[in-house]
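These figures come from a predicted structure and were not determined experimentally.
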Amino acid sequence: MKKSTLAIIILEIFLILSIVAHNVFDIGKPKNIEHYIQKELAENERASLNYTLKYTMPEGYEEFENSREEIAIASPDNSALFVANPMPLGYITVEDFFLVQSSVFEESSPDTPNITEANSDETTVDNKTITKKSFKVESSYLDLYALVATIEFEGKDEFIGIVANVPSLDYEEDFNTFVNSIEFTKQTTDKERIFANENEPIKLTIPANWLRLERSNNYSFYNTTEKGQVLTIIQSNDNTDLDPMADFQSIVGILSGEEGVSVIKDAETLVVDDKTITTSVMGFPEQEYYNVVSLVQFEGSNVYTLVICEVYSNNVDNFLKDIENVTSSIELNENYVSQDK
């Protein structure tokens with residue numbers, strides 16, 4: 001066989017393997033969280049706030065935006081609210097989860113409410129056990145039902161806890177539909193994740209254990225550790241009608257103009273690849289509160305990004321490295337679909 005013929009055959013085999021790797025194993029595809037979660041979801045399924053759970057929305061219900069719960073949905077008239085979260089077994093047991101719910105009502109009511117168990121049910125199917133309980137809560141200030149459920153998975157070190165506050169047991173059917181649909185996804189928050197939402201002109205990498213902050217903002221995050229907490233809002237604009245530096249200086253001017261504020265870093269500039277990053281840090285060290293503001297400008301692009309962080313800690317350096325990593329990771333998003341079209 002001639003070398004040229006052999007080379008062509010090898011090349012064809014390589015191309016076939018490349019196509020298989022691209023389509024089957026995701027090699028060479030964008031490694032962002034939105035890409036992977038879409039591959040997991042069935043047509044009628046939705047992903048939770050941090051993409052760790054998936055579920056089916058009961059008919060007529062909508063996401064409840066003013067909540068940091070992993071899943072939060074409300075009935076059409078907002079009279080019923082369902083929430084669900086992963087619960088680490090190292091911190092709480094299934095039994096304690098049910099007990100905690102009654103204490104919530106006791107603490108929120110001026111008088112001791114009368115709490116009675118309306119019904120209870122436990123079902124085991126395949127590798128998961130679903131336990132549901134309904135409680136009637138009555139006091140001079142409260143008159144409602146609490147629907148509580150847990151989903152335990154064989155071999156998993158966390159369960160899913162679900163709670164609903166409803167005016168009557170007429171909502172039990174919706175609650176059961178909701179609970180029975182919830183599953184863990186393959187996504188976790190214990191490692192870095194790339195976010196590249198198609199509605200956002202930028203993409204970025206979020207550190208392990210950072211969580212999304214607001215449903216209404218694709219790129220808002222927070223992280224809580226024993227050293228404190230950081231809240232981050234990331235927003236992009238177009239410099240066609242706005243001056244990026246003036247926008248940055250306006251925010252910094254407002255924050256640094258507060259009485260008693262200390263300026264810790266005054267508009268330091270760093271060039272990383274094709275972007276220029278300008279950062280200011282200010283705060284109240286004695287109150288353990290800081291603001292970190294960064295402006296990211298891209299060479300040859302009208303897009304610019306502002307990263308605004310609130311840090312609650314005895315030392316802002318406890319979070320500066322993570323904030324710098326997030327800011328430096330920001331790039332233009334090739335998957336962006338303009339909402340103006």
Exceeds 12 heavy-atom contacts within 6.0 angstrom, atom [atom1] of [X]:
X	atom1	answer
E154	CD	no
E59	CD	no
N127	CG	yes
E62	CD	no
K186	NZ	no

Roughly how far, to the nearest 0.5 Å, is [atom2] of [Y] from [atom1] of [X]?
X	Y	atom1	atom2	value
F319	K321	CZ	NZ	15.5 Å
S294	I251	OG	CD1	11.0 Å
N32	Q38	CG	CD	10.0 Å
T279	I323	OG1	CD1	9.5 Å
D241	N302	CG	CG	9.5 Å
R215	I71	CZ	CD1	8.5 Å

Would you check if [X] and [Y] make a side-chain contact, meaning some heavy-atom pair closer than 4.5 Å?
X	Y	answer
T232	L213	no
Y55	I73	yes
E45	M57	no
E331	D274	no
V303	I202	yes
I151	I182	yes
I194	I33	no
V326	T205	no

Counting N and O atoms only, with roles assigned by atom type, does the side chain of [X] sit under 3.5 Å from a partner on the main chain of [Y], one being a donor and the other an acceptor?
X	Y	answer
T185	T52	yes
S220	N217	yes
S48	K54	no
N223	N209	yes
S262	I264	no
N318	N315	yes
S250	A246	no
N333	N197	yes
S301	F298	no
E70	N50	yes

Say whether [X] and [Y] are linked into one hydrophobic cluster, either directly or through other cluster members, by side-chain heavy-atom distances under 4.5 angstrom.
X	Y	result
L306	V272	no
V281	L295	no
Y312	Y290	no
V148	L89	yes
L270	I234	yes

Presence of salt bridge, K136 and D143, under 4.0 angstrom: yes

Does a donor on one side chain sit under 3.5 Å from an acceptor on the other, for [X] and [Y]?
X	Y	result
Y289	N291	yes
N114	T116	no
D96	T93	yes

Contact summary for [X] and [Y], nearest pair of heavy atoms:
X	Y	result
A149	K132	CB-CG, 3.9 Å
Y171	S79	OH-OG, 2.6 Å
F178	A84	CZ-CB, 4.4 Å
I162	F97	N-CZ, 3.8 Å
R212	E214	NH2-O, 3.5 Å
V293	F248	O-CE1, 3.5 Å

Can a cation-pi geometry be assigned to [X] and [Y], taking NZ or CZ under 6.0 Å from the six-membered ring centre and within 45° of the ring axis?
X	Y	answer
R193	Y36	no
K133	F98	yes
K203	F195	no

Using 30° and 60° as the class limits, which term best fits the ring planes of W210 and F221: parallel, tilted or perpendicular? tilted

Kindly assign one of parallel, tilted or perpendicular to the pair F175 and F82, based on the angle between their ring planes and the thresholds 30° and 60°. perpendicular

Kindly indicate, with the supporting measurements, whether the criterion side-chain hydrogen bond (donor to acceptor under 3.5 Å, both in side chains) is fulfilled by D238 and Y304. CA-CA 6 Å; D238 190 314; Y304 71 93; over 6 Å; no

Check step by step if side-chain hydrogen bond (donor to acceptor under 3.5 Å, both in side chains) holds for Q229 and T224. CA-CA 4 Å; Q229 184 179 66; T224 303; 2.8 Å; yes

Would you please test N218 and E200 for side-chain hydrogen bond (donor to acceptor under 3.5 Å, both in side chains) and show each step? CA-CA 8 Å; N218 294 317; E200 301 289 345; 3.0 Å; yes

Please walk me through it: do F184 and F153 pass ring pair (Phe, Tyr, Trp, His ring centres under 6.0 Å)? CA-CA 9 Å; F184 278 105; F153 294 82; 5.3 Å; yes

Please lay out, stage by stage, how E40 and Q187 fare under the test side-chain hydrogen bond (donor to acceptor under 3.5 Å, both in side chains). CA-CA 10 Å; E40 284 197 53; Q187 311 309 316; 2.7 Å; yes

Under the criterion side chain to side chain contact (heavy atoms under 4.5 Å, CB included), I'd like the reasoning laid out for E268 against T278: C-alpha separation, chi angles, the key distance, then a yes or no. CA-CA 5 Å; E268 292 186 2; T278 306; over 6 Å; no

Before giving the answer on side chain to side chain contact (heavy atoms under 4.5 Å, CB included), spell out for E258 and F284 the whole-Å C-alpha distance, their side-chain angles and the decisive distance to 0.1 Å. CA-CA 10 Å; E258 295 184 35; F284 302 87; 3.7 Å; yes

Please collect all salt bridge (charged side-chain N to carboxylate O under 4.0 Å, His left out) contacts where either partner lies in residues 157-185, sequence neighbours excluded, each pair once. K128-E183

